[in-house]
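Notes for the one structure printed next.
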Amino acid sequence: MAHNIFQNPQTLQHSFFSTKQKAWHGLGQVVEDYPTSAEAIKFAGLDFQVDKRPLFTFNSENFTGNPESDILIPEIKVPDSFSTVRADLEIPLGVVGKDYKVVQNATAFNFFDSCVESGRVKYETAGALGKGEKIFITAKLKEPTVIGKDDPIENYLFLTNDHSGKESITIAFTPIRIVCNNTLNAAMKNCTNRVRIRHTENVEHYLAQAIKVMGLADKLSVQYGEKFNRWAKIKITDKEVKKLIQAALAPSVEVYTDLLKGVEDTMSTNLRNKVEKAFEYAMSHPTQLMETTQGTLYGAYNAVTGYFQNVSDFKTEETKFRSIVLEGNTEKFVQTAFNLCHTFEQNGSIFLLNN
């Protein structure tokens, strides 16, 4: 099974740790107690430095392109070009420009430190992907959001730091439903649950943005709770649930618009199959038969998030992990579901356009 978790060729250890329970790939260390940032970095194999080094090319008067005959001496510096290098193993991680600023793994963990020390969050997982070019950290907020009487949603902060030069630092707020482990990735209306910080920013600015997101996460956890508790009291018919799922999973604006008009002719076979699977999940999965989810607007929203977490056919578990968490490819569909539920709450229908 593909997982892309880095395995150190010297120690043979995988760069991953999890608190209390194994991850889907079963690799790395499982620890019983929530670690400090220094412990988490070591447990996850992230205690390495990343250097930014100048790039050079070869200079040879007799260059033919034949590696067997050419004697090439790296003498020419490539202007404004650098390589990020994993210093402990001397592994190049990417090519970057002169303005790129390395954010060390320890610095990334500093974002959580003040929160951990104040008891607001606890480190859950951390690891490195590829050769260490991307690292990720999850930390759980202290208080869960409770829907109804006994339907808790744990609230997490998720951070990724990319050393290849291809991606920004990303900090995300993610609620995760305990009973079925649904990863929810929707944003509140007129708010965002994901902040990206370019590596051209200085460290002080990066930390300031991170602190801002911490405040956002606290605010979002309250807003999610209020919103979802209202949705858990709003009834919706099975037919309306299916319509909502159809629109949420629409692959294009054109199909989405047609479905809001009640026109289903443009639905592909692939979309129809996805809708049927998601609807079956909505009607039969144990988490959909609770007081807060059965026949409710919250249940309709949860059906879409649950479809991606528990039903959707990803090629590998790594693809699933990347799509849902790291890259947020499923976010647009979950966001659409959130918007449709908001519309239903306001208007009693998702059909905004006249037939």
Side-chain angles (χ1 to χ4, degrees), residues 141 143-156 173-189 193 220-250 256 259-260 262 264 267 271-314 320 324-325 330-352:
L141 275 68
E143 297 297 331
T145 299
V146 180
I147 310 303
K149 296 180 181 179
D150 54 4
D151 191 1
I153 299 176
E154 291 289 0
N155 298 303
Y156 284 75
F173 167 78
T174 305
I176 297 182
R177 182 182 171 86
I178 292 176
V179 291
C180 65
N181 200 37
N182 284 347
T183 299
L184 310 180
N185 227 353
M188 296 300 295
K189 189 174 179 63
N193 68 334
L220 279 173
S221 65
V222 174
Q223 289 178 322
Y224 267 112
E226 293 174 350
K227 192 82 165 176
F228 290 164
N229 271 293
R230 290 201 304 272
W231 289 0
K233 298 175 183 178
I234 298 175
K235 295 300 181 181
I236 183 172
T237 67
D238 293 351
K239 183 177 180 180
E240 289 168 327
V241 169
K242 191 166 188 177
K243 292 291 185 183
L244 191 147
I245 291 173
Q246 286 177 345
L249 299 184
Y256 174 82
L259 289 169
L260 289 188
E264 300 183 10
M267 289 179 63
L271 176 57
R272 291 179 188 276
N273 290 338
K274 288 181 179 180
V275 169
E276 289 302 323
K277 290 180 180 180
F279 184 68
E280 181 181 355
Y281 177 91
M283 295 295 106
S284 62
H285 195 274
T287 61
Q288 293 296 118
L289 303 178
M290 301 169 64
E291 181 181 354
T292 55
T293 55
Q294 189 171 25
T296 71
L297 187 60
Y298 175 61
Y301 173 70
N302 194 64
V304 176
T305 63
Y307 164 76
F308 284 109
Q309 180 65 27
N310 301 310
V311 181
S312 183
D313 296 326
F314 294 97
K320 177 179 178 180
I324 294 178
V325 182
T330 64
E331 185 174 354
K332 64 179 181 179
F333 299 109
V334 178
Q335 178 67 67
T336 300
F338 184 93
N339 293 342
L340 289 167
C341 288
H342 177 78
T343 297
F344 190 94
E345 179 186 14
Q346 299 297 312
N347 304 320
S349 172
I350 65 170
F351 296 100
L352 297 180

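As the structure is a prediction and not an experimental result, all values here were calculated from the model.
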Looking at side-chain heavy atoms only, is the closest gap between [X] and [Y] below 4.5 Å?
X: Tyr298; Y: Thr293; value: yes
X: Phe344; Y: Trp231; value: no
X: Leu260; Y: Leu340; value: yes
X: Phe338; Y: Thr305; value: no

Just how far is it from atom [atom1] of [X] to atom [atom2] of [Y], taken to the nearest 0.5 Å?
X: Asn273; Y: Leu249; atom1: CG; atom2: CG; answer: 12.0 Å
X: Ile234; Y: Cys341; atom1: CD1; atom2: SG; answer: 9.0 Å
X: Gln335; Y: His342; atom1: CD; atom2: NE2; answer: 11.0 Å
X: Lys227; Y: Tyr301; atom1: NZ; atom2: OH; answer: 11.0 Å
X: Ile245; Y: Leu271; atom1: CD1; atom2: CG; answer: 11.0 Å
X: Thr343; Y: Ile350; atom1: OG1; atom2: CD1; answer: 8.5 Å

[X]: which residues meet the side chain to side chain donor-acceptor pair (under 3.5 Å) condition with it, sequence neighbours left out?
X: Arg230; value: Glu345
X: Ser284; value: none
X: Glu276; value: Lys242

How close do [X] and [Y] get, heavy atom to heavy atom, and via which atoms?
X: Thr336; Y: Ala247; answer: CG2-O, 3.9 Å
X: Ala282; Y: Val241; answer: CB-CG1, 4.3 Å
X: Tyr281; Y: Thr287; answer: OH-OG1, 3.5 Å
X: Thr292; Y: Ile147; answer: CG2-O, 3.6 Å

Check: side chain to side chain contact (heavy atoms under 4.5 Å, CB included) between Thr296 and Phe228: does it pass, once the steps are laid out?
Finding: CA-CA 10 Å; Thr296 71; Phe228 290 164; over 6 Å; no
Checklist line | With Glu264 via side-chain contact (heavy atoms from CB on, under 4.5 Å) - residues at least two apart | finding: Lys243, Gln246, Leu259, Met267, Arg272
Checklist line | For Asp238, all residues meeting side-chain contact (heavy atoms from CB on, under 4.5 Å), sequence neighbours excluded | finding: Phe279, Met283
Checklist line | Side-chain donor/acceptor of Gln288 to backbone N/O of His285, under 3.5 Å | finding: no
Item checked: salt bridge (charged side-chain N to carboxylate O under 4.0 Å, His left out) partners of residues 278-288, not counting sequence neighbours, each pair once -> none
